[in-house]
Amino acid sequence: MEKSCDMYDVIVVGAGIEGSSTAYHLAKSGNQTLLLEQFPLPHSRGSSHGQSRITRKAYGAKDFYTRMMFESFELTSELEKECGKQLFMYVIIYVTRNCGTLVFGRPDNAYTLSTEKSLRRFRVSFEKLDSAEQRRRYPGMAFPDDFNYILDKTGGVLRADKMLQAFQAQFVRFGGVLRDGEPMMDLLPGDVVSVRTRGHVYRGRSVVLALGPWAATFLPSIGVNIPLEPLKITVCYWKESDSDTFSSSKFPTFFTENAIGDGQVYGLPAEEYPGLVKICLHTGPRIDPDRRDAVDNQWVMDKIKGIIATHFPTLEREPRVVETCIYTNTPDADFVLDHHPVWKNVVIAAGFSGHGFKLAPVVGKVLSQMATGQKPSYDMTPFRIDRFFKNKL
Ligand SMILES: Cc1cc2nc3c(=O)[nH]c(=O)nc-3n(C[C@H](O)[C@H](O)[C@H](O)COP(=O)(O)OP(=O)(O)OC[C@H]3O[C@@H](n4cnc5c(N)ncnc54)[C@H](O)[C@@H]3O)c2cc1C
């Protein structure tokens with residue numbers, strides 16, 4: 001049961017998927033934990049809303065993510081089981097484990113080539129398809145004959161909203177305190193960290209800042225200037241004109257770098273809206289998260305419509321549903337998971353660069369270790385803040 005108090009072991013600020021997973025791990029291991037969120041929950045202003053995300057083990061040349069993905073799959077299953085037992089409903093977080101993730105591109109595409117190598121190295125089950133086989137299995141896609149296709153068979157769709165709710169519900173069940181609709185106004189570091197909201201001052205032995213796109217505006221106020229770029233992502237759902245080739249029993253999740261020059265495009269089978277497949281550009285205009293809707297995204301719409309017309313000829317030319325979400329990118333597309341350079345009991349989680357959902361179960365575990373003085377289970381070198389400044393020093 002929820003029990004409010006003045007002093008917490010850890011305060012987690014931000015109840016997106018990263019903060020919620022962190023708070024869950026902390027409460028589960030017996031820490032008195034406060035999870036603070038600026039908006040009433042659930043909300044759709046950050047990066048973790050919506051019903052679906054791609055999960056997969058393939059991670060190009062970045063083996064440190066593939067290593068973490070093995071544990072992420074296990075932790076997700078553990079969360080599913082806990083919910084099934086304790087909530088008296090079985091939350092199926094994986095819609096389908098077997099639709100797979102198709103990574104493809106031109107013969108010289110580095111990401112496709114390194115994905116194949118990585119899957120071999122980690123002995124993950126995969127298939128290599130040629131163009132003829134791709135067309136036979138996925139007739140809704142039309143790409144040049146010389147493209148390479150790698151199907152990561154572990155890939156699939158995560159039910160994103162269910163997973164977020166499950167972490168938050170389990171956090172409260174483990175005794176965590178969840179306060180939503182309560183923005184952190186400022187943070188006073190020290191041996192005990194104080195977090196001030198409009199009505200309260202909360203104190204914690206440590207704090208985890210998981211602010212999503214708002215990290216870009218808040219972190220400079222505590223002396224951390226990471227190059228973070230919040231981008232508006234336009235999420236489009238397209239209807240097939242006649243046949244049914246995009247359901248999850250017939251169509252995989254996919255990622256390609258070569259659909260528009262070197263631009264990246266991803267897609268998920270029709271799941272959340274009946275008969276509508278989700279296909280989006282992996283980029284968008286830079287924004288201030290508080291003025292997300294004011295920015296012009298016409299170039300994104302023009303590009304994605306061009307891709308649909310050329311490469312997905314059975315889909316209607318206009319999306320039936322358009323939604324918005326935010327990426328927070330770093331220059332190398334790797335996360336920031338580190339201690340504040342001066343105050344070690346302030347832990348920073350930022351820059352999830354459009355691929356942080358599938359890793360959230362393990363990211364939350366690692367952040368909970370960092371916030372409680374334990375050695376993280378993984379080598380944290382790729383996630384350090386000082387990587388951005390090394391060449392300048
Ligand atoms: C369209 C789209 C598709 C994606 N697809 C995939 C995918 O297929 N696979 C994948 O792995 N990842 C994917 N991602 C990325 C993934 O969703 C994000 O990396 C992840 O959701 C980031 O979560 P977060 O907790 O860091 O941020 P957020 O969800 O934005 O959470 C941060 C929270 O902090 C709160 N907050 C901020 N400031 C304060 C404050 N001062 N006080 C209190 N609360 C505060 C915010 O309100 C927010 O709720 C996708 C993202 C988008 C946008």
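Counting starts at 1 for both ligands and their atoms, following the listed order.
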With salt bridge (Lys or Arg N to Asp or Glu O under 4.0 Å) as the criterion, how do Asp334 and Lys62 come out once you've worked through the C-alpha distance, each side chain's angles and the decisive distance to 0.1 Å?
CA-CA 10 Å; Asp334 293 329; Lys62 296 187 174 177; 2.9 Å; yes

Could you tell me whether ligand 1 has any atom less than 4.0 Å away from a heavy atom of Tyr327?
yes

Between the candidates Met69, Glu18, Glu37, which shows the shortest non-hydrogen contact distance to atom 33 (C) of ligand 1?
Glu37

Glu240 side chain to Thr245 backbone, donor-acceptor under 3.5 Å:
yes

Does atom NZ of Lys117 have more than 12 heavy-atom neighbours, drawn from other residues, nucleotides or ligands, at distances under 6.0 Å?
no

Looking at Val235, is its backbone amide N or carbonyl O close enough to the side chain of Thr324 to form a donor-acceptor pair, meaning the two atoms are under 3.5 Å apart?
no

Any chance you could measure Cys99, atom SG, to Leu151, atom CG, to the nearest 0.5 Å?
9.0 Å

Quickly, which of Arg136, Arg135, Arg137 forms a side-chain contact (heavy atoms from CB on, under 4.5 Å) with Leu129? Name it, please.
Arg137

Heavy-atom contact check, 4.0 Å cutoff: does Met185 meet ligand 1?
no

How far is atom 15 (C) of ligand 1 from its nearest protein heavy atom, and which residue and atom name does that atom have?
Gly354 C, 3.5 Å

As an exercise, identify every atom of ligand 1 less than 4.0 angstrom from a heavy atom of Phe39.
47 (O)

Side chain, backbone, both or neither: which part of Phe357 comes within less than 4.0 Å of ligand 1 when only heavy atoms are counted?
both

Which residue and non-hydrogen atom of the protein lie closest to atom 31 (O) of ligand 1, and at what distance in Å?
Gly16 CA, 3.2 Å

Look at atom 44 (N) of ligand 1 and say which protein heavy atom is nearest, naming residue and atom and giving the distance to 0.1 Å.
Gln38 N, 3.0 Å

Can you tell me which residue and heavy atom of the protein come closest to atom 29 (O) of ligand 1, and the distance to 0.1 Å?
Ser48 OG, 2.5 Å

Protein heavy-atom partner closest to atom 30 (O) of ligand 1 - residue, atom, separation in Å:
Ser47 N, 3.0 Å

Distance-only donor-acceptor check, side chains Thr197 and Glu182, under 3.5 Å
yes

I would like to know whether His355 and Tyr59 meet side chain to side chain contact (heavy atoms under 4.5 Å, CB included); could you show each step before the answer?
CA-CA 10 Å; His355 63 105; Tyr59 239 107; 2.6 Å; yes

Just go through Gly46, Ala210, Gly14 and tell me whose heavy atom is the nearest to atom 32 (C) of ligand 1.
Ala210

Leu26, Asn345, Val346 screened by side-chain contact (heavy atoms from CB on, under 4.5 Å) with Ser206, the one that passes
Asn345

With atoms numbered from 1 as shown, which atoms in ligand 1 lie under 4.0 angstrom from a non-hydrogen atom of Pro213?
30 (O)

Considering the heavy atoms of Gly356, write down every atom of ligand 1 situated less than 4.0 Å from one of them.
11 (O), 12 (N), 15 (C), 16 (C), 19 (O)

In the protein, which heavy atom is nearest to atom 5 (N) of ligand 1, and how far is it?
Arg53 CD, 3.2 Å

Side chains of Thr381 and Asp379: do they bring a donor and an acceptor to under 3.5 Å?
yes

Going by ring-ring contact (aromatic ring centres under 6.0 Å, His included), name the residues that satisfy it together with Phe104, two or more places apart in sequence or in a different chain.
Phe143, Tyr149, Phe254

Is it true that Phe64 and Phe335 have ring centroids separated by less than 6.0 Å?
no

Quick one: which ligand 1 atoms are inside 4.0 Å of a heavy atom on Ile17?
20 (C), 21 (O), 23 (O), 25 (O)

Numbered atoms of ligand 1 (with element) below 4.0 Å of Met184, judged on heavy atoms
40 (C), 41 (N), 42 (N), 43 (C)

Determine whether the side chain, the backbone, both or neither of Val13 has a heavy atom under 4.0 Å from any heavy atom of ligand 1.
side chain

Report the nearest protein non-hydrogen atom to atom 38 (N) of ligand 1: residue, atom name, distance rounded to 0.1 Å.
Trp214 CB, 3.5 Å

Contact region, Tyr266 to ligand 1, non-hydrogen atoms below 4.0 Å, reads side chain

Ligand 1 versus Ile233: contacting region, heavy-atom distance under 4.0 Å:
side chain

Close aromatic pair by centroid cut-off 6.0 Å: Phe39 and Trp214
yes

Not counting sequence neighbours, which residues clear side-chain hydrogen bond (donor to acceptor under 3.5 Å, both in side chains) with Asp191? List them please.
none

Which bit of His43 gets closer than 4.0 Å to ligand 1, counting heavy atoms only: side chain, backbone, both or neither?
side chain

To which protein heavy atom is atom 53 (C) of ligand 1 closest, and what is the distance rounded to 0.1 Å?
Cys325 SG, 2.3 Å

Quick check: Glu182 and ligand 1, any N/O pair under 3.5 Å apart?
no

List ligand 1 atoms under 4.0 Å from Ile326, heavy atoms only on the residue side.
53 (C)

Taking only heavy atoms of Val235 into account, list the atoms of ligand 1 that are under 4.0 Å away from them.
1 (C)

Could you tell me whether a side-chain N or O of Thr253 sits under 3.5 Å from a main-chain N or O of Leu268, the two making a donor and an acceptor?
no

Between Ile54 and ligand 1, find which residue part has any heavy-atom pair under 4.0 Å and reply side chain, backbone, both or neither.
both

